[in-house]
Amino acid sequence: MDIFDLEDPVCSVPSTEDARPIRQEPPFLADLNPEQREAVQTTKGPLLVLSGAGTGKTRVLTTRIAYLLAAGLAHPWQILAVTFTNKASREMKERLEHMVGPEAFSVWLGTFHAIGMRILKKFTAECGLSPHFIVLGSDDQERLIKQIMQDNGIDTKKYTPGILLDIIQRWKDRGLIPTAVTDAENTNFCDGKALGFYQIYQNRLKELNAVDFGDLLLKPLELFKAYPDILKLYQNQFHYILVDEYQDTNVAQYMLLRLLAKGHNNICCVGDDDQSIYSWRGADVDNILNFGSVFPEARIIRLERNYRSTAHILGAASALIAHNEGRLGKTLKVADDINNSGDLVRVEGFWNGQQEAEKIIERIEGNQRAGTPLTHMAILVRASFQTRAFEEELIRYGIPYKIIGGFKFYEREEIRDAVAYLRLVLNTTDDLALTRIINKPRRGIGDGALKALETAAREKHLSLFDAIDWAELRPSVRKTITAFANLIRDWQEARQELEPAQLLERILKESGYLMMWQTDKSADAEGRVENLKELQNVLSDFDSLQEFIEYAALVTESDEQSTEEQLTVMTLHASKGLEFDHVYLPGWEEGLFPHQRALDENGHVGLEEERRLAYVGITRARQQVMISYAANRRIYGTWQNSLPSRFIDELPQEHIDNQTNRRMGWAVQQDINNSFSWKSHSVSPQRGLPFNKPGAKTSRRVGKRVYHEMFGYGTVIKEEGERLEIHFDEHGMKKILARFVEAVSP
DNA sequence: GCCGTCTGGGTTTTT
DNA sequence: CCCAGACGGC
């Protein structure tokens with residue numbers, strides 16, 4: 001939030017003043033290793049710092065900024081430093097403040113989106129917006145898309161709004177406004193209507209005086225295209241540009257950076273191609289892979305000294321990632337001061353997911369008793385459904401835990417609703433806010449009434465709120481709606497004299513919204529009331545409502561950093577950038593990890609991203625890693641059996657300790673390919689059903705009668721790649737790998 | 001307009 | 001299995 005209240009040097013400071021000579025070497029350089037130091041002191045021209053896991057990338061970035069300031073190479077506001085998460089930018093700001101003092105706050109340091117917002121706010125009119133435009137959250141976006149689809153007679157069950165939203169966002173990620181999308185790039189989604197809907201969506205945003213996250217980057221891009229003189233201002237201002245997590249940038253971000261860097265050409269990007277795990281969100285690894293060709297004069301510095309993990313952990317991780325092609329290549333080395341190669345990476349197979357969870361929690365409890373705090377251990381899963389089994393065990397053992405990766409604070413229903421009330425009070429033309437809460441709590445204003453409002457609004461070109469007076473409404477409905485409108489007006493008046501937090505309190509009370517949850521009997525209602533209280537706390541830090549609304553739109557995480565002693569369970573994706581003494585990596589099975597969908601949809605490229613995810617997981621650990629897999633897993637009610645992940649085969653023997661218990665009925669054996677297979681289950685390939693060729697449209701296996709060693713006879717109902725859904729005569733529906741069953745005559 | 005029943009679909013999710 | 005969203009009866 002703080003970057004918004006700063007005085008904005010663009011247009012006001014003719015920053016031609018430059019470089020005071022450096023006096024003496026600042027003390028903070030002494031702590032760096034030679035490569036880090038080089039990365040900090042190579043200030044001229046484009047620089048790519050390939051920074052492996054645990055090699056001190058954040059330290060390099062912050063020190064570099066401090067160095068630029070201390071050396072007198074730039075004023076704070078001439079430095080632009082971009083990160084991906086609010087957390088990263090907050091941390092960087094704190095560390096920088098620690099090093100250089102309050103000057104830190106004048107550096108342009110923030111997320112891409114916050115920086116985009118800052119530019120947008122400065123040139124609102126040029127971007128085709130009115131002041132106080134809204135930033136849509138993802139739920140707003142989806143509702144809007146859905147509405148557009150329905151208005152155009154699309155069956156939103158057949159074509160889900162989510163997919164269309166995704167398509168549009170991928171276009172935005174690539175810096176494409178609707179007119180820039182060529183027909184060839186249009187998808188066949190909805191008979192090729194996606195592009196048209198994109199245009200309509202943008203029009204609707206404009207009517208609503210709103211932007212979405214993608215627009216926070218797209219609009220500045222368009223602004224710079226249309227107004228070269230404005231671009232010039234920024235180009236002149238930013239003497240130095242620094243980018244964190246460069247492997248995760250999308251094309252729009254790349255284009256923005258490229259434009260801004262044209263002024264002084266001092267751009268320093270820090271990243272690790274091996275940790276690129278967000279391609280499905282539009283991140284483009286090519287940005288980092290092509291850095292050298294885009295900036296031919298670029299220097300590339302590799303940071304390979306790892307200060308985090310033991311030699312075995314690094315050995316296992318490095319060997320695994322070496323299976324990927326198309327890397328820039330870098331080998332992590334144990335930093336000099338760690339001599340001990342540590343424990344081997346433990347690999348263990350279990351009979352089922354429940355046993356896996358039980359054994360892991362047992363170990364964690366043992367570690368805890370031996371003195372490792374829970375906060376230094378983590379369970380990292382591929383898919384969020386996996387957290388469930390662990391949650392049950394953790395409750396059973398009475399171990400405090402937190403699960404990360406659920407809904408973010410500001411994305412929770414009750415928070416979005418409360419914010420919608422505030423938005424509407426701030427600005428009654430915010431139709432999306434109005435439709436969200438007009439019948440929440442239930443006021444008897446349903447679809448019919450809303451339709452009438454919409455009709456009137458469209459005719460008179462008014463907002464829904466202002467259309468109330470014109471809409472054709474039944475008297476009883478008119479009464480309730482008018483009462484609602486009067487409430488809003490009351491709060492608008494109250495806003496003049498109340499602090500934002502007090503205003504929210506009043507709104508929640510008088511609207512009946514708080515009461516709605518207080519009287520709700522469902523299990524999570526209590527938590528929602530708590531969250532609403534927490535929101536009031538957050539709000540008390542703000543002086544103006546406007547400021548808060550902007551903050552809430554860009555910051556999706558809650559700031560609650562509990563220092564409580566608890567175990568973290570989270571997805572691999574969420575773990576990037578973190579580190580723990582002990583890391584548990586369950587669920588390393590074909591189909592789950594690598595995930596079947598990643599393979600089906602993106603083939604080899606998808607597999608490599610999965611492998612990078614595995615690499616991220618292993619490299620989170622300082623001292624111990626345990627990788628596990630289960631032969632059977634209950635997924636959505638049906639039992640599925642699976643093979644150990646190919647990633648396990650890719651781990652080098654000298655770094656792993658396979659603890660799979662051979663005394664259990666299903667002992668593991670090595671087969672010719674040096675891969676594991678389940679002895680009691682394995683069916684020789686020639687007995688298995690034939691595989692469909694990839695891309696084959698129709699299944700040759702659906703409807704066939706099959707035999708399975710455990711479940712007996714059954715019929716194939718559905719085919720998903722290698723996995724068959726089979727209805728067994730005596731055991732019901734199961735999902736089974738094709739190789740475990742044999743075809744029989746009906 | 002509300003509320004119950006049914007159906008389908010369920011990777012990952014920095015802003 | 002478990003949740004969200006659609007649909008139909010009151």
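Below, chains carry the letters A, B, ... as their sequence lines are ordered, and counting in each starts from 1.
Contacts of A:F112 classified as ring-ring contact (aromatic ring centres under 6.0 Å, His included), with partners at least two apart in sequence or in another chain: A:F84. Here A:Y584 pairs with nothing under the ring-ring contact (aromatic ring centres under 6.0 Å, His included) rule; sequence neighbours left out.
Residue A:Q354 forms a side-chain hydrogen bond (donor to acceptor under 3.5 Å, both in side chains) with just one option from A:E393, A:E392, A:R634, and that option is A:E393.
Across all strands, A:G577 comes closer than 4.0 Å to no nucleic acid atom at all (heavy-atom distances). Among the atoms of the strands shown, base atoms are found under 4.0 Å from some heavy atom of A:A598. Residue-level contact check: A:F112 touches neither bases nor backbone, having no heavy atom under 4.0 Å from any strand. In this structure, A:N439 reaches the sugar-phosphate backbone alone: every heavy-atom distance under 4.0 Å involves primed, P, OP1 or OP2 atoms, never a base.
Residue A:I404 contributes atom CD1, which lies 22 Å from atom P of B:dT11 at whole-angstrom precision. Per the geometry, CD belonging to A:Q247 stands 11 Å off C1' belonging to B:dT14, to the nearest Å. Between the P atom of B:dC2 and the CG atom of A:L450 lies a distance of 12 Å, rounded to the nearest Å. Atom pair A:R597:CZ and B:dT13:P shows a separation of 13 Å (rounding to whole Å applied). In this entry the distance linking CZ of A:F385 with C1' of B:dT11 reads 9 Å, nearest Å. B:dG9 atom C1' lies 18 Å from atom OH of A:Y159, rounded to whole Å. Atom CZ in A:R443 sits roughly 14 Å away from atom P in B:dG1 (whole-Å rounding). The CD atom of A:E391 sits 18 Å away from the P atom of C:dC1 (whole-angstrom rounding).
Between A:R281 and A:I277, the residue anchored nearer the 5' end of DNA chain B, judged by the nucleotide with its closest heavy atom, is A:I277. Looking at which nucleotide of DNA chain B each of A:W280 and A:G444 is closest to, the 5′-most match is held by A:G444.
When each of B:dT13, B:dT15, B:dT14 is scored by its nearest atom to the side-chain atoms of A:Y278, the top-ranked nucleotide is B:dT14. Considering only side-chain atoms of A:H113, the nucleotide from B:dT15, B:dT13, B:dG10 that sits closest is B:dT15. In this structure, of B:dT15, C:dC1, B:dT12, it is C:dC1 that holds the atom nearest to the side chain of A:R634. Across B:dT12, C:dC2, C:dG5, the shortest atom-to-atom separation from the side chain of A:K146 is found for C:dG5. Of the listed nucleotides (B:dT11, B:dT15, B:dT12), B:dT11 has the atom at the smallest distance from the side chain of A:E610. Between C:dC2, B:dT14, B:dT11, one nucleotide has an atom nearer to the side chain of A:T85 than all others, and that is B:dT14.
Relative to the ring axis of A:W108, A:R118 places its NZ or CZ within 45° and under 6.0 Å from the centre.
Between A:R382 and B:dT11, a side-chain N or O to OP1/OP2 separation shorter than 4.0 Å is absent. For A:T571 and B:dT13, the shortest distance from a side-chain N or O to OP1 or OP2 is below 4.0 Å. Within the structure, a side-chain polar atom (N or O) of A:S384 is placed less than 4.0 Å from OP1 or OP2 of B:dT12. Taking side-chain N and O atoms only, A:R442 has a distance below 4.0 Å to OP1 or OP2 of B:dC3.
A:R412 and A:D417 are not joined by a salt bridge, as no carboxylate oxygen comes within less than 4.0 angstrom of a charged side-chain nitrogen.
A:Y615 and A:L320 make their closest contact through N-CD2, 4.0 Å (heavy atoms, listed as atom of the first residue, atom of the second, distance).
We find that the ring of A:H595 and the base of B:dT11 stack, their centres lying under 5.5 angstrom apart and their planes tilted less than 30°.
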